[in-house]
Q: 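Below is the structure I would like to discuss, written out as structure tokens.
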Amino acid sequence: MQTPTDSHLYLAAQLRLPTNWLDYTILAIYFVVVLGIGFAARRSVKTSLDFFLSGRSLPAWITGLAFISANLAATEILGMAANSAQYGAYTVHWYWIGAIPAMVFLGLVMMPFYYGSKVRSVPEFLLLRFDRGAHLLSSILFAFAAILIAGVNLYALAIVVEALLGWPQWVAIVVAGAFVLAYITLGGLSSAIYNEVLQFFVILAALIPITVLGLRKAGGWSGLTHKLTATHGANFTTAWGGTGIGHANPLGANWLTIVLGLGFVLSFGYWTTNFAEVQRALSAKNLSAGQRTPLIAAYPKIFIVFLVMIPGLVAAALVPKIGTSGSGLQYNDAIPYLMQELLPNGVLGIAVTGLLAAFMAGMAANVSSFNTVFTNDIWAKYVVRGREDAYYVRFGRLITVVGVLASIGTAFLASSFSNIMSYLQTLFSFFNVPMFVVFIVGMFWKRASAKSGFWGLLAGTVTAMINYFVLYKKGIIAIPSDQGANFVSAIAGFVAGAVVMVAVSLFTKPKPAQELQGLVYGTRSPGMSEPPAPGDEAWYRRPALLGWGAVVLAAACYVPFSF
């Protein structure tokens, strides 16, 4: 039986959608609006800060919706629906355990460091806290990962478009890449963010009809759970059934690896250090708006799980043998199958547009973060230094072209991998988790030395790769699934990075205390006023901000235990 993370993303040939002129008209209107936003945003780009961080001028609700839209790529939509079709309600853990707590932590605890230090990127923070070695290594790793992930989004888009609409793969890759290139090159991050806000609502308009009509087809929630209990067992519609230590379950993970591997290491590693996400919060107009960005995004994140989980459950109920050779459908076919079966023309066009919007949002987030990191953290600091601001704006546009072309190349490269869904998720354990441990140790331990950042990052990355490619892939340790291996790799990378950082710090000199102001917890930026200005107080002294975080965490803690 295939797992969604071990399978091709190829969709079944019989899923060709009956699109007509109305559906293509809706799609064409969407592309025109996307380019229009790019042209409109171009007028606001006058400096490099405008191009790379929207001039730090956007309101919290805009950056909050862009934050969640940048994460809501179609690989997640199709992949999480596939998880639900096979694993059932276990999918909720990727949202309530594996996202919400980390998003709240980012908003309350980490954004004051990012925003207050006025850095333009996540790697730049490592330059201030550690040294040039940690900065350069993190910049290279992030730029490399961003291009790989953008390419995966492009390739997955091509597979879906080929199956559903009949377009050749190379046409879909080139067309989508050209549109993303056009609006980012024109308007920079502002164009990407405003398009992500539009894409968020288009994605919802695509998923809501599929969910509602699918539930109706399955006989409502009670009818759906009754059918699934009869065909898949009682645990299929529960979040924690069968996850006891020593118990076997299809996920290949127990509650401890779910909480530590997914809920802490992978989750915090992704949400707190992935610049494709953090960049949206850094573009907010002030620190308060920056802190509220991930908190605002957390509200829809709580409920979006239903829009990807329920279609997967419905597909499992309507096609009980989905994912086996007898059904002719893979788990990845869950949402396309329901689109074909349930949606009339017009609504079908909105659904196809929503999938394309999701892919483009994921690609645009990675390309815009890539051009920022490459321009500011690699080119301007190590290659061509001290040039006028207009030069870096021009170079930023040029490297955007290079980034999109490289993404098209890695999209074709991704076609050689038979497990691109696992490939995508494994990247996070390799690149985000080691960076997270460096951040978390550096932020909360003043003794962490400048040299420890580089060696901790290197040790964490290498350890995660060794665990996955050597210990797991060669069968030296037995892990039931790639998903479980990702959790273990993340934990191993985190522990190795932390141990190496402590060891190196004990044998090297710490940075002077005056250089750590505003970079380590409990210290204040020299530029902050005394007493703190409104909005600059510590998070635990701000009742409104605490209220935002408390409500989100309460909902995220309560809902999964109600299953």
Side-chain angles (χ1 to χ4, degrees), residues 53-54 56-73 76 94-117 119-122 125 189 192-193 196-197 199-200 203 262-305 361-362 365-366 368-369 372 428 432-433 435-436 439-440 443 521 535-540 542-557:
L53 284 179
S54 301
R56 295 187 188 267
S57 62
L58 300 180
W61 74 272
I62 292 286
T63 55
L65 292 181
F67 188 98
I68 192 63
S69 181
N71 169 254
L72 197 59
E76 173 173 335
W94 272 265
Y95 290 78
W96 297 327
I97 302 295
I100 304 300
M103 294 168 77
V104 173
F105 182 83
L106 171 64
L108 295 183
V109 178
M110 294 188 72
M111 279 311 301
F113 293 99
Y114 285 140
Y115 203 98
S117 61
V119 296
R120 294 192 177 195
S121 69
V122 168
F125 183 87
L189 184 62
I193 285 179
E196 285 161 1
V197 173
Q199 287 158 348
F200 173 77
I203 292 167
L262 175 64
F264 176 60
V265 181
L266 270 175
S267 170
F268 278 66
Y270 175 82
W271 291 103
T272 64
T273 66
N274 184 11
F275 186 51
E277 301 292 338
V278 175
Q279 187 180 25
R280 275 74 194 144
L282 287 178
S283 66
K285 62 183 180 180
N286 53 38
L287 174 58
S288 179
Q291 289 191 271
R292 283 183 283 126
T293 293
L295 300 181
I296 290 172
Y299 279 101
K301 188 70 174 178
I302 292 174
F303 303 104
I304 284 172
V305 62
N366 282 283
S368 61
S369 58
T372 301
F428 298 140
N432 293 107
V433 169
M435 195 174 295
F436 170 64
F439 267 87
I440 208 70
M443 282 184 173
Y521 201 76
D536 284 342
E537 304 93 337
W539 60 270
Y540 50 83
R542 298 170 61 187
L545 196 63
L546 273 176
W548 280 84
V551 171
V552 173
L553 276 179
C557 291

Q: Give the minimum heavy-atom separation between Pro300 and Ile296, together with the two atoms involved.
A: CD-O, 3.0 Å

Q: What are the two closest heavy atoms between Ala70 and Glu277, and how far apart are they?
A: C-OE2, 3.7 Å

Q: Do you know the tightest heavy-atom contact between Ala365 and Ser368?
A: O-OG, 3.1 Å

Q: Evaluate Phe67 against Thr63 for side-chain contact (heavy atoms from CB on, under 4.5 Å), listing each step before the verdict.
A: CA-CA 6 Å; Phe67 188 98; Thr63 55; over 6 Å; no

Q: Between Trp96 and Ile302, is there a donor-acceptor pair closer than 3.5 Å when you use the side chain of the first and the backbone of the second?
A: yes

Q: What pair of heavy atoms forms the shortest contact from Gln199 to Ser69, and how long is it?
A: CB-OG, 4.0 Å

Q: Checking Tyr270 now: which residues fulfil ring-ring contact (aromatic ring centres under 6.0 Å, His included) with it, not counting sequence neighbours?
A: Phe428

Q: Name each donor-acceptor pair under 3.5 Å that joins a side chain in residues 103-116 to protein atoms two or more places apart or in another chain, with its distance.
A:
{"unit_1": "Tyr114", "atom_1": "OH", "unit_2": "Thr272", "atom_2": "O", "d": "2.6"}
{"unit_1": "Tyr115", "atom_1": "OH", "unit_2": "Ala284", "atom_2": "O", "d": "2.7"}
{"unit_1": "Tyr115", "atom_1": "OH", "unit_2": "Lys285", "atom_2": "O", "d": "3.4"}
{"unit_1": "Tyr115", "atom_1": "OH", "unit_2": "Asn286", "atom_2": "N", "d": "3.2"}

Q: Of the non-hydrogen atoms in Leu65 and Ile68, which two are nearest, and what is the gap between them?
A: O-CG2, 3.1 Å

Q: Looking only at heavy atoms, what is the nearest atom pair of Ala297 and Gly64, with distance?
A: CB-O, 3.4 Å

Q: Take Thr273 and Phe125, measure what side-chain contact (heavy atoms from CB on, under 4.5 Å) needs, and give me the verdict at the end.
A: CA-CA 10 Å; Thr273 66; Phe125 183 87; over 6 Å; no

Q: One pair to check against side-chain contact (heavy atoms from CB on, under 4.5 Å): Arg280 and Ile193. What are the steps and the verdict?
A: CA-CA 7 Å; Arg280 275 74 194 144; Ile193 285 179; 4.2 Å; yes

